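Side chains are part of it too, since the values below use all heavy atoms of this structure and drop only hydrogens, waters and symmetry mates. Because the structure is predicted, anything quoted here is derived from the model rather than measured.
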Amino acid sequence: MRILVINGPNLNLLGIREPGIYGNSTYEDLLNLIRNHCEEKGIEVSFYQSNHEGDLVDAIHEARTSADGIVINPGAYTHTSIALLDAVHAVNVPTVEVHISDVSKREAFRQISYIREACVKTIQGKGFAGYLEAIDFLAAGAF
Ligand code: DQA
């Protein structure tokens, strides 16, 4: 099982960025948490982070041949990007949408997720643990 974890804009600043919403742990802490989890479960994991929409599209395309599942937190592109939605539809790799915060309880403009309809599951409001839940969901293959 090979999983690609993609993080979109501003998630490189975890720990610095709005800690009241996203917590004090850094992006590197997130990667270590996921790495340890995947090592325990024998899952091959790789990571990609970008602040640029087109680069995220390219990363999704690459997953077509290099991953069995995608975990993606598209950040603010969740609420704006039809290009990311189309990319997930195009590659046909099972994808889970993750949000650290509970976007359903935040501003109205965060209630829209374009990518959601192409995803097999959405996990929100569970902090970093949401990424682990997404990985376990993909590894279980029950979708
Ligand atoms: C986020 C929620 C988005 O609305 C926001 O733009 C982010 C992070 C989350 O993980 O909670 O950048 O995806």
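Among all heavy-atom pairs drawn from Ala63 and Val93, the shortest one is O-CG2, 3.8 Å. A pairwise comparison of heavy atoms in Ser101 and Gln124 identifies O-CB, 3.7 Å as the closest pair. The minimum heavy-atom distance between Ala59 and Leu4, with the atom names listed, is O-CD2, 3.8 Å. Nearest heavy atoms, Leu56 versus Pro9: CD1-CD, 4.1 Å. Minimum interatomic distance between Val91 and Ile60 (heavy atoms only, all atoms of both residues): CG1-O, 3.4 Å. Shown here for Asp55 and Tyr48, the closest heavy-atom pair between the two residues is CB-OH, 3.2 Å.
Side-chain atoms of Asn51 come within 3.5 Å of backbone atoms of Asn10 as a donor-acceptor pair (strictly under, hydrogens ignored). With hydrogens and angles disregarded, no donor-acceptor distance shorter than 3.5 Å links the side chain of Glu53 to the backbone of Ser81. With hydrogens and angles ignored, the 3.5 Å screen pairs a side-chain donor or acceptor of Asp68 with a backbone N or O of Arg2. Not a single donor-acceptor pair under 3.5 Å links the side chain of His79 to the backbone N or O of Ser113. Remark: the backbone N or O of Thr26 is paired with a side-chain donor or acceptor of Asp29 at under 3.5 angstrom. Proximity of a side-chain donor or acceptor of Ser66 to a complementary backbone N or O of Arg64 within less than 3.5 Å is not detected. Checked by atom type and distance alone, the side chain of Glu133 never pairs as donor or acceptor with a backbone atom of Ala129 at under 3.5 Å.
Within the 4.5 Å cutoff, no side-chain heavy atoms of Phe47 are placed close to those of Asn7. Inter-residue side-chain proximity for Val120 and Phe137 is flagged as met; some heavy-atom pair is nearer than 4.5 Å. Considering only heavy atoms from C-beta on, Val96 comes within 4.5 Å of Leu138 through its side chain. Annotation: side chain of Lys41 is in contact with side chain of Asp136 (closest heavy-atom distance under 4.5 Å). The shortest side-chain heavy-atom distance between Glu117 and His89 falls under the 4.5 Å cut-off. Here the side chains of Ile34 and Phe128 are not in contact, with every heavy-atom distance at 4.5 Å or above.
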Check: Could you go step by step and tell me if His99 and Thr78 meet the side-chain contact (heavy atoms from CB on, under 4.5 Å) rule?
Finding: CA-CA 9 Å; His99 300 286; Thr78 307; 3.1 Å; yes
Checklist line | CA sep, side-chain torsions, deciding dist, call: Tyr131, Ile123, side-chain contact (heavy atoms from CB on, under 4.5 Å) | finding: CA-CA 8 Å; Tyr131 290 83; Ile123 297 167; over 6 Å; no
Item checked: Chi angles and distances behind the side-chain contact (heavy atoms from CB on, under 4.5 Å) call for Val45, Glu39 -> CA-CA 9 Å; Val45 68; Glu39 205 174 296; over 6 Å; no
Next item on the list: Start with the C-alpha gap between Ile43 and Ile135, add the side-chain angles, then the distance that decides, and say whether side-chain contact (heavy atoms from CB on, under 4.5 Å) holds.
Entry: CA-CA 9 Å; Ile43 296 167; Ile135 288 164; 3.7 Å; yes
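The CD1 atom of Ile100 sits 6.5 Å away from the CG atom of Leu30 when rounded to the nearest 0.5 Å. Between the OG1 atom of Thr122 and the CD1 atom of Ile72 there is a distance of 11.5 Å, given to the nearest 0.5 Å. Rounding to the nearest 0.5 angstrom, the gap separating the CZ atom in Phe143 from the SG atom in Cys119 is 11.5 Å. In this structure, CD1 in Ile21 is found 4.0 Å from CZ in Arg106, a value given to the nearest 0.5 Å. Separating the CD1 atom in Ile70 from the CD atom in Glu62 is a distance of 11.0 Å, to the nearest 0.5 Å. In this structure, OG on Ser25 lies 8.5 Å from CG on Leu14, to the nearest 0.5 angstrom.
Hydrophobic clustering, with ILVMFWY side chains joined whenever heavy atoms are under 4.5 angstrom apart, groups Val57 together with Ile6. Both Ile112 and Ile82 sit in one connected hydrophobic cluster of ILVMFWY residues. Membership requires side-chain heavy atoms under 4.5 Å apart, directly or through other members. Tyr114 and Phe109 fall into different hydrophobic clusters, where Ile, Leu, Val, Met, Phe, Trp and Tyr side chains are chained together by heavy-atom contacts under 4.5 Å. Linking Ile, Leu, Val, Met, Phe, Trp and Tyr whenever their side-chain heavy atoms come within less than 4.5 Å puts Val88 and Leu84 in one cluster. Hydrophobic clustering, with ILVMFWY side chains joined whenever heavy atoms are under 4.5 angstrom apart, groups Leu132 together with Val5.
We find that Asp102 and Lys126 are not joined by a salt bridge, their nearest charged nitrogen and carboxylate oxygen being 4.0 Å or further apart. Ion pairing between Lys121 and Glu97 fails under the 4.0 Å rule for side-chain N and carboxylate O.
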